[in-house]
Amino acid sequence: GAGDAQDRVWGTGRDAERVGVLDGTNGATLADLALDHGAAPGSLVLAEGAIDPIVCLEGEERVVRLAFDGTIGDSADVGRMPRGLAITGDGACIFVTPFLAGGSPARVLELDGATLAVARDVELADDPGPDTAASGRGRPNYLGSIAITPDGHSALVASKKDNVARGGWRDGLDLDFESTVRTIVSRVDLGTGTAALGGRV
């Protein structure tokens, strides 16, 4: 959840397909907004001074601006179960992480804060490895949270990394506990809109 400029606290109920709004002073329920069946509202962010939050609708594979009366304003189709959401302090840029990479490289989408139009599409390239006890090949997948660094220069994306290059049908090498799945944090340079492999942890 997040608080808005009118001291209201917004929160999502993914399975209930609702967004609730509480009074930030006394906790009283101000609104209980029902969304369409299957919307699955997830992450929610508010820019400083804003009153309408930006919400990931995982089931509808889009990000929307939601008004206090339940009206959906701007909308962006983002695909692959949008999960992570972050917004710059001034509200100019919104970043969303589609949860599933699927058969193609994972992506981070940058949306225009005013219109929700896709401004940039940043690819998180597959890691070429090598497979060792301390490193491994793989594709970022199950992208979860995304956070903007305090200096505003980078965004950090938490995920797992699936080794889609290894296995009996891939390269003839058996998968083992060190080479199948790893956890990673990818770094996106917000100035250049790139995600260099060297910035990963």
Side-chain angles (χ1 to χ4, degrees), residues 1-5 8-14 19-21 24 35 39-67 72-102 105-125 139-161 183-201:
D4 69 14
R8 299 178 300 200
V9 178
W10 295 72
T12 60
R14 184 181 187 282
V19 174
V21 189
L35 299 175
S43 299
L44 178 151
V45 294
L46 274 151
E48 186 175 344
I51 59 171
D52 295 334
I54 307 299
V55 184
C56 278
L57 300 182
E58 294 182 28
E60 296 181 2
E61 298 189 335
R62 64 185 179 135
V63 172
V64 301
R65 191 180 316 275
L66 185 65
I72 290 178
D74 298 319
S75 176
D77 293 327
V78 294
R80 310 297 291 185
M81 296 175 60
R83 181 73 52 97
L85 201 57
I87 191 167
T88 55
D90 60 6
C93 300
I94 298 159
F95 300 91
V96 60
T97 59
F99 184 60
L100 297 174
R107 320 197 81 73
V108 173
L109 300 178
E110 178 184 333
L111 309 180
D112 181 279
T115 66
L116 296 189
V118 176
R120 281 196 288 204
D121 183 342
V122 181
E123 180 180 300
L124 301 181
R139 170 168 296 154
N141 196 7
Y142 285 25
L143 277 63
S145 60
I146 180 169
I148 299 171
T149 57
D151 63 11
H153 294 204
S154 301
L156 303 175
V157 184
S159 72
K160 66 177 181 141
K161 181 173 62 171
T183 56
I184 61 167
V185 175
S186 300
R187 181 181 299 271
V188 176
D189 184 316
L190 300 184
T192 62
T194 58
L197 289 171
R200 288 185 183 166
V201 179

Is there a side-chain contact between [X] and [Y], using heavy atoms and a 4.5 Å cut-off?
{"X": "R62", "Y": "I72", "answer": "yes"}
{"X": "L124", "Y": "V108", "answer": "yes"}
{"X": "F95", "Y": "V188", "answer": "no"}

Quick one: closest heavy-atom pair of [X] and [Y], and the distance?
{"X": "I51", "Y": "W10", "value": "O-CZ2, 3.6 Å"}
{"X": "L143", "Y": "P98", "value": "CB-O, 3.7 Å"}
{"X": "D74", "Y": "A114", "value": "OD2-O, 3.2 Å"}
{"X": "T115", "Y": "D112", "value": "N-OD1, 3.0 Å"}
{"X": "A67", "Y": "D52", "value": "CA-OD1, 3.6 Å"}
{"X": "T12", "Y": "G42", "value": "OG1-O, 2.7 Å"}

Check your understanding: Pick one: which of S75, P53, C56 meets side chain to side chain contact (heavy atoms under 4.5 Å, CB included) with V64?
Key ->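 Of all the options given, the one that passes is S75.
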Rounded to the nearest 0.5 Å, what separation is found between the [atom1] atom of [X] and the [atom2] atom of [Y]?
{"X": "L156", "Y": "I184", "atom1": "CG", "atom2": "CD1", "result": "11.5 Å"}
{"X": "L111", "Y": "I87", "atom1": "CG", "atom2": "CD1", "result": "9.5 Å"}
{"X": "I54", "Y": "L116", "atom1": "CD1", "atom2": "CG", "result": "4.5 Å"}
{"X": "T183", "Y": "K160", "atom1": "OG1", "atom2": "NZ", "result": "11.5 Å"}
{"X": "E61", "Y": "M81", "atom1": "CD", "atom2": "CE", "result": "8.0 Å"}
{"X": "S43", "Y": "I146", "atom1": "OG", "atom2": "CD1", "result": "10.5 Å"}

Check your understanding: Is it the case that more than 12 heavy atoms not belonging to E123 sit under 6.0 Å from its CD atom?
Key ->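 Enclosed.
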Check your understanding: Does CZ in R65 sit with more than 12 non-hydrogen atoms of other residues, nucleotides or ligands closer than 6.0 Å?
Key ->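 For R65, atom CZ is crowded (more than 12 foreign heavy atoms under 6.0 Å).
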Exercise for review: Could you pull out all residues at least two apart from D121 that satisfy salt bridge (charged side-chain N to carboxylate O under 4.0 Å, His left out)?
Suggested key: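 Salt bridge (charged side-chain N to carboxylate O under 4.0 Å, His left out) check on D121 returns R107.
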State whether the side chain of [X] and the backbone N or O of [Y] hold a donor-acceptor pair below 3.5 Å, judged by distance alone.
{"X": "S145", "Y": "G84", "value": "no"}
{"X": "T97", "Y": "G144", "value": "yes"}
{"X": "R187", "Y": "G198", "value": "no"}

Exercise for review: Kindly indicate, with the supporting measurements, whether the criterion side chain to side chain contact (heavy atoms under 4.5 Å, CB included) is fulfilled by S159 and N141.
Suggested key: CA-CA 6 Å; S159 72; N141 196 7; over 6 Å; no
